[in-house]
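Read through the structure below, which is laid out as structure tokens, and then see the notes.
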Amino acid sequence: LRKYKVRWIKSLDKIDNKPTIFIGNEFLDALPVKQFLNINNNWHERYVQKKGSNYKFSNQECNIEKIEKRLDFKISKDQNFLEISFEEINLIKKLNNIISENGGCILFIDYAYSDYKMFDTLQAVKKHRKVDIFYDIGNADISHIINIPFLKKIAKKINLQLTHNTQRNFLLNLGILQRGEILAANKSFLEKANIYYRINRLIDKKQMGELFKIIFFHKKNNNFKLGFK
């Protein structure tokens, strides 16, 4: 981006007081999470324990009501497992303060699921392959999958609207196939094949099409619906 007039900032506090569109791609899933397990009707927090060069999970009993008080809403009912990112909550609150003051919206593209029931989504990936969470620590990417019903609870608490769609439907609504035809016009067979291969990877149900969700946070008076029909 050197040839473009991009101004890099190191803090959200440096953003100009103007309407702002925040876009994050595979950003939320990289934020750390806390995990809580219901074992025999007693809630436990999961920790990582290190002995020498070995790591393992360790569960310690906790008071889930304190966690819910921190969240300011109930979450444990009908759940056996909870995965919560407080950094995610703090970030969304901070972005909400900015768009509430100056206008704008927030768009995240991320691995996400819509089930109310939470489950353990913590995963490690190295060289495009899933590996054990404790494999080659520090050299594998660790992430989790975003729970949309949980985000909706967060949004509601801070007067935000949340709209979401699959990446497939979002891109089809935006006209990705027509865009592909324009890009492929007058191209060689190999160039056309490459364009459609890449498009298919983005929208195919068995690839990224439904694994990825488009998560749109906006204020009530924001009527933007393109891509979310």
Return the minimal non-hydrogen interatomic distance between Ser114 and Pro149, and the atom names on each side. O-CG, 3.4 Å
Between Asp132 and Lys126, is there a salt bridge with N-O shorter than 4.0 Å? no
Decide whether Ile214 and Ile23 are clustered together by the hydrophobic rule: side chain heavy atoms of Ile, Leu, Val, Met, Phe, Trp, Tyr closer than 4.5 Å, transitively. yes
Asn102 to Lys18 - nearest heavy-atom pair and separation: CB-O, 3.4 Å
Heavy-atom donor-acceptor pair, Asn59 side chain to Glu61 backbone, under 3.5 Å: no
Applying the 4.5 Å side-chain criterion to the ILVMFWY set and letting contacts propagate, would Tyr111 and Ile84 be lumped into a single cluster? yes
Would you say the rings of Phe22 and Phe108 are close, in the sense that their centroids are separated by under 6.0 Å? no
Please check: side-chain N/O of His164 versus main-chain N/O of Leu162, any donor-acceptor pairing under 3.5 Å? no
Taking the side chain as every heavy atom from C-beta outward, state whether Tyr47 and Gln60 have any atom pair closer than 4.5 Å. yes
Answer yes if Ile89 and Val33 sit in the same cluster of Ile, Leu, Val, Met, Phe, Trp and Tyr residues linked by side chain heavy atoms under 4.5 Å apart, and no otherwise. no
Transitive ILVMFWY side-chain link Ile137 to Leu31, under 4.5 Å: no
How close do Gly209 and Thr166 get, counting heavy atoms only, and between which atoms? O-CB, 3.6 Å
Could you measure the distance from the CG atom of Leu202 to the OH atom of Tyr197? Nearest 0.5 Å is fine. 10.5 Å
Tell me whether Leu37 is reachable from Phe57 by hopping between hydrophobic residues (I, L, V, M, F, W, Y) whose side-chain heavy atoms are closer than 4.5 Å. no
Nearest 0.5 Å please: distance from the CD1 atom of Ile145 over to the CG atom of Leu211. 7.5 Å
For the pair Phe134 and Tyr55, name the ring-plane relationship: parallel under 30°, tilted 30 to 60°, perpendicular over 60°. parallel
Side-chain (Asn173) to main-chain (Asn169) donor-acceptor, under 3.5 angstrom: yes
What do the steps show when you test Arg168 against Asp204 for salt bridge (charged side-chain N to carboxylate O under 4.0 Å, His left out), and what is the final call? CA-CA 7 Å; Arg168 170 185 171 81; Asp204 190 274; over 6 Å; no
Ring center gap for Phe119 and Tyr113 short of 6.0 angstrom: yes
Backbone N/O of Phe86 and side chain of Asn90: donor-acceptor pair under 3.5 Å: yes
Work out which heavy atom in Leu151 is nearest to a heavy atom in Ile146; give both atom names and the distance. CD1-CG2, 3.4 Å
Worked check of salt bridge (charged side-chain N to carboxylate O under 4.0 Å, His left out) between Lys130 and Asp141: CA-CA 9 Å; Lys130 282 189 179 181; Asp141 290 328; over 6 Å; no
Hey, what do you get for CD1 (Ile98) to CG (Asp16), rounding to the nearest 0.5 Å? 11.0 Å
Rounded to the nearest 0.5 Å, how far does OG of Ser100 lie from NZ of Lys219? 3.0 Å
Under the 3.5 angstrom rule, does the side chain of Asn38 hit a backbone N or O of Phe81 as a donor-acceptor pair? no
Intermediate values then yes/no, salt bridge (charged side-chain N to carboxylate O under 4.0 Å, His left out), Asp72 and Lys157: CA-CA 8 Å; Asp72 198 25; Lys157 291 297 296 184; 3.1 Å; yes
